[in-house]
Novice: 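First the structure, then my questions, so here it is.
We number each residue from 1, following the sequence as shown. Bear in mind that the values here come from a model prediction, so they are computed numbers and not experimental data.
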Amino acid sequence: MFDKWQQWDVNPIPEGRYNIKRVKGELPEMESTKQLVKLIAGIYQPNMKVLDVGCNVGHYLSGIRKKFPNLDYTGVDAYDYYIDSAQQAFANDPLAKFAVKDIFKSLFPKNKFDIVYCCNVLLHLPDFRKPITNLLESTKKVCFVRTLLSDHTNIVKSPTEEEYDGDGNPLNYWYFNTWNKNYFIDFIEKLGWTTELIPDEFDPTTIQKEFENIKTDDADKGTRVVNNIQVIENVLCNWVWAKITPHQ
């Protein structure tokens, strides 16, 4: 039984629709894919194992494969629809494996991965602490997380429809949460890890073009750009990459 904020279980198609087009080469790779590839390239060595948590249909792998054709990849997501789509899309890739896994539960505690990454997931969760703990439990060398961090925490429930309970709470909604960066870092520090924050890189022209000309589904319009800042609905997107490594 999924919670009401898990709209990907209710209607997974809108988000997956554009991502599967990226896998097929019908749309260009995301700006965040380009930066992720650069981050991985800075530490990757042959025979390293990579885990993608919240992999959706495997669209990040498409960009990674261009530079690392022999990379050992595992992708996990909480929703069957995405994993089924990914398995079909990468059926001919012998080095790609996919599985259904819940980030709120232990992932691979006895099978650690050299590189773990989790992109554009934590902002959509009610809390980051258990997910981060599970990510690091499966990490051997480095974990990359792309999410929204700033000087203040903002918990945002964005309704998917104008229906509310008696207290005014939306019946169905997405989370678009931004966490205080110091609180985020302090929590990770207490787990025995060090966090380096890396600025997000993107071409605003590319993102705005997608918003205006490609993403025609209101359920997944993605981000637009206002004064060189990405915006989702009414939320300013302070995207940040966290590079998390064990204490030396």
Side-chain angles (χ1 to χ4, degrees), residues 2-9 15 30 32 35-36 39-40 50-56 60 74-79 82 100-109 112-113 115-160 169-170 172-200 222-223 229-247:
F2 289 100
D3 293 322
K4 57 189 176 182
W5 56 267
Q6 294 179 288
Q7 295 301 307
W8 305 269
D9 180 54
E15 183 178 355
M30 296 193 301
S32 55
Q35 188 169 7
L36 175 63
L39 292 172
I40 291 175
V50 175
L51 174 64
D52 176 357
V53 180
C55 67
N56 199 265
Y60 278 103
T74 298
V76 301
D77 202 286
Y79 306 102
Y82 296 132
V100 175
K101 293 278 186 178
D102 183 348
I103 196 172
F104 282 95
K105 299 177 181 179
S106 188
L107 298 170
F108 296 97
K112 296 183 183 295
F113 294 77
I115 302 171
V116 175
Y117 67 84
C118 180
C119 299
N120 313 343
V121 174
L122 295 189
L123 70 156
H124 295 306
L125 307 179
D127 193 0
F128 73 86
R129 291 171 295 182
K130 184 59 175 175
I132 279 286
T133 301
N134 290 335
L135 289 173
L136 298 181
E137 181 186 52
S138 294
T139 301
K140 185 184 297 184
K141 296 183 180 299
V142 61
C143 177
F144 291 112
V145 173
R146 184 178 187 260
T147 194
L148 303 182
L149 299 176
S150 189
D151 294 332
H152 305 281
T153 292
N154 292 282
I155 306 301
V156 177
K157 294 180 178 180
S158 180
T160 59
N169 297 306
N172 294 285
Y173 56 88
W174 315 85
Y175 276 112
F176 288 121
N177 293 338
T178 300
W179 291 96
N180 179 293
K181 60 187 177 184
N182 292 324
Y183 176 67
F184 182 84
I185 292 171
D186 288 347
F187 179 81
I188 294 170
E189 178 81 16
K190 291 174 182 177
L191 295 177
W193 298 73
T194 299
T195 304
E196 174 190 355
L197 298 185
I198 301 171
D200 189 61
T223 57
I229 298 175
Q230 291 188 54
V231 177
I232 295 178
E233 298 180 357
N234 297 317
V235 179
L236 296 179
C237 298
N238 297 293
W239 290 113
V240 179
W241 290 87
K243 179 181 179 182
I244 307 171
T245 53
H247 282 332

Novice: More than 12 foreign heavy atoms under 6.0 Å from CG of N234: is that the case here?
Specialist: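 Open.
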Novice: Tell me, which pairs form a side chain to side chain donor-acceptor pair (under 3.5 Å) where one or both residues lie in residues 147-156, sequence neighbours left out?
Specialist: D151-K181
Novice: With sequence neighbours left out, write down each residue that passes side-chain hydrogen bond (donor to acceptor under 3.5 Å, both in side chains) with D77, or none if nothing qualifies.
Specialist: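 For D77, no residue satisfies side-chain hydrogen bond (donor to acceptor under 3.5 Å, both in side chains) once neighbours in sequence are set aside.
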Novice: Which pair of non-hydrogen atoms, one from F187 and one from I132, has the smallest distance, and what is that distance?
Specialist: CE2-CG2, 4.3 Å
Novice: Mind checking what makes side-chain contact (heavy atoms from CB on, under 4.5 Å) contact with N172, not counting sequence neighbours?
Specialist: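 For N172, the residues satisfying side-chain contact (heavy atoms from CB on, under 4.5 Å) (neighbours in sequence not counted) are K4, Q7, T160, E161.
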Novice: If every non-hydrogen atom of Y117 is compared with every non-hydrogen atom of V50, which pair is closest and at what distance?
Specialist: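 Shortest heavy-atom contact: CE2-CG1, 3.7 Å.
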Novice: Kindly state each residue pair satisfying side chain to side chain donor-acceptor pair (under 3.5 Å) with at least one member in residues 132-142, sequence neighbours excluded.
Specialist: S106-E137
Novice: Do the side-chain N and O atoms of D52 and Y60 include a donor-acceptor pair separated by under 3.5 angstrom?
Specialist: no
Novice: Please list, chain by chain and in numerical order, all residues satisfying side-chain contact (heavy atoms from CB on, under 4.5 Å) with P126, sequence neighbours excluded.
Specialist: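 With sequence neighbours excluded, P126 shows a side-chain contact (heavy atoms from CB on, under 4.5 Å) to W5, F104, Y175, given in chain and number order.
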Novice: Of all the heavy-atom pairs spanning L125 and N177, show the shortest one and how long it is.
Specialist: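 Closest approach of L125 to N177, heavy atoms only: O-ND2, 3.0 Å.
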Novice: So which heavy atom on V121 is nearest to which on G54, and how close?
Specialist: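 Closest pair (atom of V121, atom of G54, distance): CG2-CA, 4.0 Å.
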Novice: Sequence neighbours left out, what passes salt bridge (Lys or Arg N to Asp or Glu O under 4.0 Å) with D102? Give chain and number order.
Specialist: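 Salt bridge (Lys or Arg N to Asp or Glu O under 4.0 Å) list for D102, sorted by chain: empty.
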Novice: Return the set of residues passing salt bridge (Lys or Arg N to Asp or Glu O under 4.0 Å) with D127 (not counting sequence neighbours), or none when no residue passes.
Specialist: R129
Novice: Can you name the residues that form a side-chain contact (heavy atoms from CB on, under 4.5 Å) with P199, not counting sequence neighbours?
Specialist: none
Novice: Residues in ring-ring contact (aromatic ring centres under 6.0 Å, His included) with F108, at least two apart?
Specialist: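 Applying ring-ring contact (aromatic ring centres under 6.0 Å, His included) to F108 gives F113.
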Novice: Report the residues that fulfil side-chain hydrogen bond (donor to acceptor under 3.5 Å, both in side chains) with T74, sequence neighbours left out, ordered by chain and then residue number.
Specialist: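 Once residues adjacent in sequence are excluded, T74 has no partner under the side-chain hydrogen bond (donor to acceptor under 3.5 Å, both in side chains) criterion.
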Novice: Mind checking what makes side-chain contact (heavy atoms from CB on, under 4.5 Å) contact with E189, not counting sequence neighbours?
Specialist: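 E189 satisfies side-chain contact (heavy atoms from CB on, under 4.5 Å) with H247 only.
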Novice: Who pairs with K243 by salt bridge (Lys or Arg N to Asp or Glu O under 4.0 Å), at least two apart in sequence or on another chain?
Specialist: none
